[in-house]
Protein chains: 2
Amino acid sequence: MRRDVFQAISDPTRRAIISLIALHAMTPNALAAHFDTSRQAVSKHLRILTECQLVKQHFQGREIYYQLEVSKMKEIDKWLEQFRKIWEQRFNELDSVLLTLKNKENES
Amino acid sequence: MRRDVFQAISDPTRRAIISLIALHAMTPNALAAHFDTSRQAVSKHLRILTECQLVKQHFQGREIYYQLEVSKMKEIDKWLEQFRKIWEQRFNELDSVLLTLKNKENES
DNA sequence: TATATTTGCAACTGATTGGTTTCATAAATA
DNA sequence: TATTTATGAAACCAATCAGTTGCAAATATA
């Protein structure tokens with residue numbers, strides 16, 4: 001059973017859940033109201049999200065509120081870092097090409 | 001067949017491929033040398049990456065070079081944007097709490 | 001106390017996944 | 001020309017996935 005942040009966000013329903021609970025905690029029932037699938041299906045998604053620590057639950061009577069562990073999202077951000085460097089570099093290269101062209105223009 | 005960037009990066013082998021070709025284009029054979037799996041398995045991953053336009057192929061004789069479409073990675077970055085706002089906000093809230101404490105300290 | 005509500009868990013199901021082996025095609029090379 | 005090399009595609013397989021239905025447990029309410 002692979003269970004990491006990347007696998008967690010691969011499912012569109014789970015991405016929607018993540019977005020919904022990002023601002024304030026929600027119960028499984030309240031969440032399920034936003035989807036076409038059953039309450040149990042949403043519960044299963046929540047279990048997966050909990051297992052990879054993207055979500056934290058806090059109990060209040062018989063209700064369970066699920067809240068996003070925003071800091072865990074940084075793991076994705078961290079992985080993206082390597083590419084961010086590349087796309088900035090590519091942009092700078094394009095920049096210097098334009099600069100070279102401009103200089104040549106001035107010389108002639 | 002769901003085929004989007006998020007599903008593409010959910011597989012660890014595919015993430016490794018993406019990282020490898022990020023800097024310079026590589027052939028399937030050269031890529032396969034980095035993994036325990038067969039050349040065909042890598043080829044299948046490359047097809048998935050191509051289908052969701054994360055990768056571009058350019059032909060050179062009988063060899064096919066695969067290159068990362070870095071700009072496509074920005075789609076993930078874009079989705080992360082909403083959470084980046086939240087974790088910055090949380091940080092600022094913490095900041096103002098600390099500031100309030102400090103002010104109270106000065107008053108007394 | 002009896003009933004309704006909120007929830008997680010287990011069993012099942014069809015679809016998808018990541019891998020394999022086998023084959024066909026096209027380009028390079030002996 | 002015959003052979004080797006680089007590649008994609010098809011057929012198959014076991015494991016996993018996302019969904020379902022049905023059930024048990026615990027809390028709230030009548």
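Between Val70(B) and Phe83(A) the shortest heavy-atom distance is CG1-O, 3.9 Å.
Leu46(A) places its CG atom 15 Å from the C1' atom of dG19(D), with the value rounded to the nearest Å. Regarding Leu49(A), its CG atom lies at a distance of 14 Å from the C1' atom of dC17(D), rounded to whole Å. Between the P atom of dC17(D) and the CG atom of Asp11(B) lies a distance of 12 Å, rounded to the nearest Å. Atom P of nucleotide dA18(D) and atom CZ of Phe6(B) are separated by 15 Å, given to the nearest angstrom. Following rounding to the nearest Å, Ile9(A) (CD1) and dC17(D) (P) show an atom-to-atom distance of 15 Å. One interatomic measurement links the two molecules: CZ of Arg47(A) to C1' of dT16(D), which rounds to 13 Å at whole-angstrom precision. Distance CD (Glu51(B)) to P (dT16(C)): 13 Å, rounded to an integer number of Å. If you take NZ of Lys44(A) and P of dA10(C), they are 11 Å apart, rounded to a whole angstrom.
Regarding contacts with the backbone of dA18(D), a side-chain N or O of Arg14(A) is found under 4.0 angstrom from either OP1 or OP2. For His45(A), no side-chain nitrogen or oxygen approaches OP1 or OP2 of dC17(D) to under 4.0 Å. Contact check, Arg39(A) against dG22(D): no side-chain N or O comes under 4.0 Å of OP1 or OP2.
Lys72(A) is linked by a salt bridge (charged side-chain N to carboxylate O under 4.0 Å, His left out) to Glu75(A), counting only residues two or more places apart in sequence or in another chain. Listed by chain and residue number, nothing satisfies the side-chain hydrogen bond (donor to acceptor under 3.5 Å, both in side chains) test with Gln60(A) (two or more places apart in sequence, or in another chain).
Side-chain contact between Tyr66(B) and Val42(B) is absent, with no heavy-atom pair separated by less than 4.5 Å.
Within residues 54-69 of chain A, the residues approached by DNA chain D to less than 4.0 Å at the level of any non-hydrogen atom are Gly61(A), Arg62(A), in residue-number order. For the segment residues 23-38 of chain B, the set of residues with a heavy atom within less than 4.0 Å of an atom of DNA chain C comprises Thr37(B), Ser38(B), in numerical order.
Every pair passing salt bridge (Lys or Arg N to Asp or Glu O under 4.0 Å) that includes a residue from residues 57-70 of chain A is listed here, sequence neighbours excluded: Lys56(A)-Glu69(A).
Evaluation of atom-type donor-acceptor distances gives a pair under 3.5 Å for the side chain of Gln40(B) against the base of dT22(C).
Between Glu81(A) and Arg84(A), at least one side-chain N (NZ, or NE/NH1/NH2) sits under 4.0 Å from a carboxylate O, which counts as a salt bridge.
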Sequence neighbours excluded and cut-off under 3.5 Å, please list the side-chain donor-acceptor pairs for residues 17-40 of chain A, or say none.
residue	atom	partner	partner atom	Å
Ser19(A)	OG	Arg15(A)	O	3.3
Ser19(A)	OG	Gln82(B)	OE1	3.2
Thr27(A)	OG1	Ala30(A)	N	3.2
His34(A)	ND1	Ala30(A)	O	3.2
Ser38(A)	OG	Ala41(A)	N	3.2

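Under the 4.5 Å side-chain contact rule for hydrophobic residues, Leu46(B) and Ile48(B) do not share a cluster.
Atom CD1 of Ile9(B) and atom CG of Leu80(A) lie 7.0 Å apart (nearest 0.5 Å).
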